[in-house]
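Beneath this line is the structure, given in structure tokens, with notes to follow.
Atoms considered below: every heavy atom in the structure, side chains included; atoms not considered: hydrogens, waters and symmetry mates. By convention here, the first residue in the shown sequence is residue 1.
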Amino acid sequence: MSLYTFARSVVSGILKPTFRVKVEGLENFPKEGGVFLCSNHISNFDPPIVGITAPRQVLFMAKAELFKVPVLNVLLKNFGTFPVNRGGSDREALRTGLKILKEGNVLGFFPEGTRSKNGELGKGQSGAGFFALRSNAAVVPCAIVGKYKPFRTLRVIYGQPIKMDEYREKKITTEEMSAIIMKEIGKLLKK
């Protein structure tokens, strides 16, 4: 058993019953090929919740500051997480993300770039549009619905992949693509 599989089962055994996690739309999640998984961001628990509910291993981009904490640095790297310097264009992080998608893996992404302070869906950063338009990956919207309150139901909804062919052909901007992704996440939040 890999460290990832072991950690996932431990975290799942704690978080799923604590937050009464209900998962919807798993049939929408591609079984193979690159997947760009985009979710709203309401808590520090979001990456582990997405990680334990997705049917495939999810590799995340995380703020570089987290990699300065010695024990956390080792854990993050063992789980396939890679650093991004926020506040500008981090070319190395962009290359790493595209490589993950090209290799047929799942890249987990929070387009808002930071947690929502009020629980409302924020504006998507252009990085989401960059990965969606520059890769051939399926773009899957995801919504975490509810609050992280013990023994209250938290729903994780996976939407149908966004039909990307028309957007890639139209040559829309990364900002426009990010807005489309956020709109799809918004629809899931209303379910």
Q: Kindly say whether Ile42 contributes a backbone atom to a donor-acceptor pair with the side chain of Arg115 at under 3.5 angstrom?
A: no
(Q) To the nearest 0.5 Å, what is the distance between CD on Glu169 and CD on Glu166? (A) 8.5 Å
Q | Residue pairs involving residues 159-191 (criterion ring pair (Phe, Tyr, Trp, His ring centres under 6.0 Å); sequence neighbours excluded) | A | none
Q.
I need the Leu59 CG to Met61 CE distance, nearest 0.5 Å.
A. 11.0 Å
Q.
Rounded at 0.5 Å granularity, tell me how far CG in Leu133 sits from OG in Ser178.
A. 8.0 Å
Q: Would you confirm whether Asn73, through its side chain, and Lys68, through its main-chain N or O, come within 3.5 Å as a donor-acceptor pair?
A: no
Q | Crowding at CZ, Arg168 (>12 non-hydrogen neighbours, <6.0 Å) | A | yes
Q: Check whether any side-chain heavy atom of Leu98 sits under 4.5 Å from a side-chain heavy atom of Arg134, and report yes or no.
A: yes
**Q.** Aromatic plane relationship, Phe36 with Phe109 - under 30° parallel, 30 to 60° tilted, over 60° perpendicular
**A.** tilted
Q.
For the residue pair Thr53 / Tyr158, report whether a side-chain donor-acceptor contact shorter than 3.5 Å exists.
A. yes
Q) Is the gap between the ring centers of Phe82 and Phe67 under 6.0 Å? A) no
Q. Of all heavy-atom pairs between Ala62 and Thr81, which one has the smallest distance, and what is that distance?
A. CB-CG2, 3.6 Å
Q: Scan side-chain atoms only and decide if Ser12 and Ser9 contain a donor-acceptor pair under the 3.5 Å cut-off.
A: no
Q. Say you draw a straight line from CG of Asn40 to SG of Cys142; how long is it, rounded to the nearest 0.5 Å?
A. 7.0 Å
Q.
Tell me whether the count of non-hydrogen atoms from other residues, nucleotides or ligands lying under 6.0 Å of CZ in Phe45 goes above 12.
A. no
Q. Is there a side-chain contact between Arg155 and Ile144 (heavy atoms, below 4.5 Å)?
A. no
Q | Side chain Glu112, main chain Gly124, donor-acceptor under 3.5 Å | A | no
